[in-house]
Amino acid sequence: MDILEELRWRGLVADSTDAAELSRRVNAGPLTLYCGFDPTADSLHVGNLVPLLALRRFQMMGHCPIAVAGGATGMIGDPSGKSQERVLLTPEALSHNIACVKAQLARLLDFEAGANPALLLDNAQWTASVGYLDFLREVGKHFSVNMMVAKESVRARMEDRDTGISYTEFSYMLLQAFDFLVLNRDHGCELQIGGSDQWGTITAGTDLIRRKLGRSAHGLTLPLITNADGTKFGKTEKGAVWLDARRTSPYRFYQFWIHTDDRDVVRYLKFFTFLPEDAISNLEQQHLKNPGARPAHRALAAAVTELVHGPAALAEAMRASDILFGGELSGVGEATFQDLVGEVPTREIARTQLDGAGLPLVEVLVHAGLSPSKGQARKDIEAGGINVNNTRQTDTQRVLTTADLLFGKHLLLRKGKRTYAVVTAC
RNA sequence: GGGAGGAUACCGAAGUGGCCAAACGGGGUUGACUGUAAAUCAACUGGCUUACGCCUUCACAGGUUCGAAUCCUGUUCCUCCCA
């Protein structure tokens with residue numbers, strides 16, 4: 001099975017340039033391919049995982065991946081799939097973001113692979129020094145505005161008269177095409193991959209290469225990941241799910257995958273793990289036989305968490321999850337409980353506040369971040385959604401004292417079925 | 001430059017002097033049922049308060065009135081039509 005067949009059975013091919021020709025090329029020997037990642041934030045999120053893992057999949061089949069951090073394109077803003085003109089990042093924010101994103105890219109690709117090590121580049125390297133006039137003469141001349149306007153990413157914005165599109169974002173396509181040209185020329189890069197919203201800019205690149213260098217290059221897009229219920233993939237109530245542990249803890253990350261809709265879980269195993277076809281269909285069978293045990297969910301969560309955060313963090317996330325969702329909490333000892341501290345969102349509180357009269361539960365809930373305000377905390381209690389040490393609280397007047405501390409030290413708070421927080425007295 | 005219409009809570013959208021913290025729908029939170037799933041049903045969904053109630057909100061600033069999201073004046077922004 002070649003890489004294209006591999007991607008195809010996983011459902012990871014949205015579109016590609018001449019499929020027969022591309023397939024001939026991948027079978028002819030290792031090829032170099034690239035994918036760009038724009039530093040719009042100081043961390044990648046789960047959505048970025050799809051193209052990033054695709055690079056890795058190519059690498060595993062012997063091809064050479066290049067991850068490009070968009071130091072240059074990030075200064076412009078990609079209009080694809082955006083309905084609003086973007087606010088430009090400050091140069092400081094941008095360089096901070098690039099450094100962080102680079103570190104994340106570096107963790108998920110193999111730079112030591114003997115014959116086909118991955119490469120990490122920043123497109124500012126070859127773009128920053130090019131003068132405006134040179135760029136217009138060398139690159140701009142090869143683009144027809146008529147063709148650019150016809151591309152979906154631009155057209156959508158042109159049709160929306162409220163927002164429109166700035167000349168800056170309009171130029172994005174040229175910059176990305178220029179990237180592909182440079183990579184093709186200097187690194188023999190023959191293929192660009194990206195999300196399906198990148199189709200227009202990718203083909204702009206292959207066109208430019210044909211015109212400038214007289215060679216053919218390839219493009220392949222990956223599908224947009226959709227949730228079965230129609231919501232946006234990778235978003236929770238608390239916002240995006242990030243790869244950075246400081247933004248999304250490994251425990252939360254693991255839980256995110258555990259919560260996958262049944263209807264999505266097999267697709268996501270294909271999208272987000274390296275598990276082979278038979279392992280996935282085996283999990284699918286198990287899942288269909290006994291969905292309540294959620295074997296597929298567990299495998300998905302474990303695989304992705306390990307990939308992103310490593311085996312140690314995965315073990316901790318699983319241990320915390322087992323303690324909280326594994327059944328009776330009453331038998332949990334102090335040492336086990338200690339595993340939860342820091343995994344589950346944890347806040348500290350001065351022990352003296354619990355002495356004597358104690359502290360109203362509503363205030364503790366706000367402090368722990370489970371309720372946004374005391375009024376809401378009260379409503380949460382009235383709705384029966386608040387548990388302290390796994391006991392439902394029904395009294396909005398409830399006051400917590402040192403007597404409520406587990407092991408003389410911790411409070412285990414829960415809102416709803418699965419949102420936990422620990423408050424530690426010190 | 002002229003004319004018409006519009007701006008309401010997280011989003012969409014009612015409301016045209018008191019019964020408006022503001023209908024309804026979506027979203028969100030919680031509960032029941034379950035499997036940390038989905039679907040369904042129910043409650044809640046500006047802040048403070050045990051509650052009576054109080055406070056802040058209907059683009060912004062003033063005004064009329066016992067009383068304004070609703071009327072008047074000015075300002076900002078948007079849409080449409082004419083030039």
Side-chain angles (χ1 to χ4, degrees), chain A residues 83-85 159-164 226-241 248-269 283-302 304-305 314 317-329 332 340 343-345 357-363 365-388 390-399 412-422:
Chain A
S83 57
Q84 294 278 311
E85 178 82 12
E159 280 169 3
D160 185 353
R161 296 178 57 179
D162 293 358
T163 14
T226 53
N227 287 332
D229 61 6
T231 55
K232 219 170 182 176
F233 171 78
K235 293 266 192 274
T236 67
E237 325 75 67
K238 298 198 161 62
V241 178
T248 301
S249 75
Y251 165 77
R252 279 235 193 87
F253 189 84
Y254 179 84
Q255 287 287 319
F256 165 76
W257 295 101
I258 287 286
H259 292 147
T260 301
D261 192 311
D262 280 15
R263 294 168 289 179
D264 292 321
V265 72
V266 173
R267 283 168 58 235
Y268 290 0
L269 279 166
L283 283 166
E284 182 173 16
Q285 291 311 312
Q286 289 184 48
H287 171 66
L288 290 173
K289 212 179 300 164
N290 183 11
R294 297 192 307 296
H297 293 79
R298 290 173 197 281
L300 173 68
V304 188
T305 306
L314 167 63
M318 285 178 71
R319 208 178 306 139
S321 298
D322 282 348
I323 296 166
L324 294 173
F325 300 102
E328 277 307 295
L329 200 67
V332 169
L340 293 175
E343 278 305 305
V344 170
L359 199 58
L361 173 59
V362 288
E363 286 184 29
L365 289 171
V366 173
H367 179 73
L370 286 183
S371 301
S373 70
K374 286 200 282 180
Q376 186 58 49
R378 231 166 257 120
K379 285 174 186 165
D380 292 337
I381 295 170
E382 280 168 7
I386 297 298
N387 289 261
V388 173
N390 262 14
T391 304
R392 179 177 284 185
Q393 304 298 310
T394 50
D395 179 9
T396 56
Q397 303 285 333
R398 177 79 151 88
V399 171
L412 179 65
L413 306 174
R414 171 161 60 94
K415 186 178 79 156
K417 227 185 308 194
R418 54 193 188 217
T419 311
Y420 281 95
V422 168

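A quick note: this is a predicted structure, and the numbers were derived from the prediction, not measured. Reminder, nothing fancy here: chain letters follow the sequence lines and each chain counts from 1.
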Quick one: side chains of residues 226-234 of chain A, donor-acceptor pairs under 3.5 Å with protein atoms, not counting sequence neighbours, listed by atom name and distance.
{"unit_1": "A:N227", "atom_1": "OD1", "unit_2": "A:Y268", "atom_2": "OH", "d": "2.6"}
{"unit_1": "A:N227", "atom_1": "ND2", "unit_2": "A:T231", "atom_2": "OG1", "d": "3.2"}
{"unit_1": "A:N227", "atom_1": "ND2", "unit_2": "A:K232", "atom_2": "O", "d": "3.2"}
{"unit_1": "A:D229", "atom_1": "OD1", "unit_2": "A:T231", "atom_2": "N", "d": "3.0"}
{"unit_1": "A:D229", "atom_1": "OD1", "unit_2": "A:T231", "atom_2": "OG1", "d": "2.6"}

Which donor-acceptor pairs under 3.5 Å do the side chains of residues 368-380 of chain A make with protein atoms, sequence neighbours left out?
{"unit_1": "A:S371", "atom_1": "OG", "unit_2": "A:D380", "atom_2": "OD2", "d": "2.9"}
{"unit_1": "A:S373", "atom_1": "OG", "unit_2": "A:Q376", "atom_2": "N", "d": "3.1"}
{"unit_1": "A:Q376", "atom_1": "NE2", "unit_2": "A:D380", "atom_2": "OD1", "d": "3.1"}

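In this structure, B:G27 and B:U45 make a Watson-Crick or G-U wobble pair, each of the two defining distances being under 3.5 angstrom. Remark: B:A83 base-pairs with no nucleotide in the shown strands. Criterion, Watson-Crick or G-U wobble with two distances under 3.5 Å. For B:G67, there is no paired nucleotide, since no Watson-Crick or G-U wobble pair has both relevant distances below 3.5 Å. When Watson-Crick and G-U wobble pairs are counted only if both distances are under 3.5 Å, B:C33 pairs with no nucleotide at all. Applying the Watson-Crick and G-U wobble criteria (two distances, each under 3.5 Å), B:G5 pairs with B:C78. Applying the Watson-Crick and G-U wobble criteria (two distances, each under 3.5 Å), B:A21 pairs with nothing in any strand. Base pairing analysis places B:U57 opposite nothing; no Watson-Crick or G-U wobble pair with both distances below 3.5 Å involves it.
Protein atom NZ of A:K232 is 16 Å distant from nucleotide atom P of B:C11, rounded to whole Å. Distance A:Q397 CD to B:U50 C1': 5 Å, rounded to the nearest Å.
Not counting sequence neighbours, the partners of A:V344 by the side chain to side chain contact (heavy atoms under 4.5 Å, CB included) test are A:Y251, A:L324, A:L340, A:Y420, A:V422. For A:S249, the side-chain hydrogen bond (donor to acceptor under 3.5 Å, both in side chains) criterion is met by no residue, not counting sequence neighbours. In this structure A:R392 satisfies the salt bridge (Lys or Arg N to Asp or Glu O under 4.0 Å) test with no other residue, sequence neighbours excluded. Every side chain to side chain contact (heavy atoms under 4.5 Å, CB included) that A:P360 has, sequence neighbours left out, goes to A:V362, A:E363.
Nucleotides B:A7 and B:G47 are separated by 25 Å at their C1' atoms, to the nearest Å. Rounded to whole Å, the separation between the P atoms of B:G63 and B:C44 comes to 39 Å. With both ends at atom P, the span from B:A69 to B:U16 equals 13 Å, rounded to whole Å. B:U36 and B:A68 have their C1' atoms separated by 50 Å, with the value rounded to a whole Å. B:G46 and B:C24 have their P atoms separated by 12 Å, given to the nearest Å.
Ion pairing between A:R319 and A:D322 fails under the 4.0 Å rule for side-chain N and carboxylate O.
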Where protein sits on nucleotides 32-44 of chain B, one letter per nucleotide: B base, S sugar-phosphate only, - none, heavy atoms under 4.0 Å: SBBBBBS-----S

Could you run down the sub-3.5 Å N/O contacts of the protein with nucleotides 56-58 of chain B?
none

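At the phosphate of B:U29, neither OP1 nor OP2 sits under 4.0 Å from any side-chain N or O atom of A:K415.
Looking only at side-chain heavy atoms (C-beta outward), A:E343 and A:Y254 stay at 4.5 Å or farther from each other.
Here side chain to side chain donor-acceptor pair (under 3.5 Å) pairs that include residues 285-299 of chain A, with residues two or more places apart or in two chains, are A:D262-A:H297.
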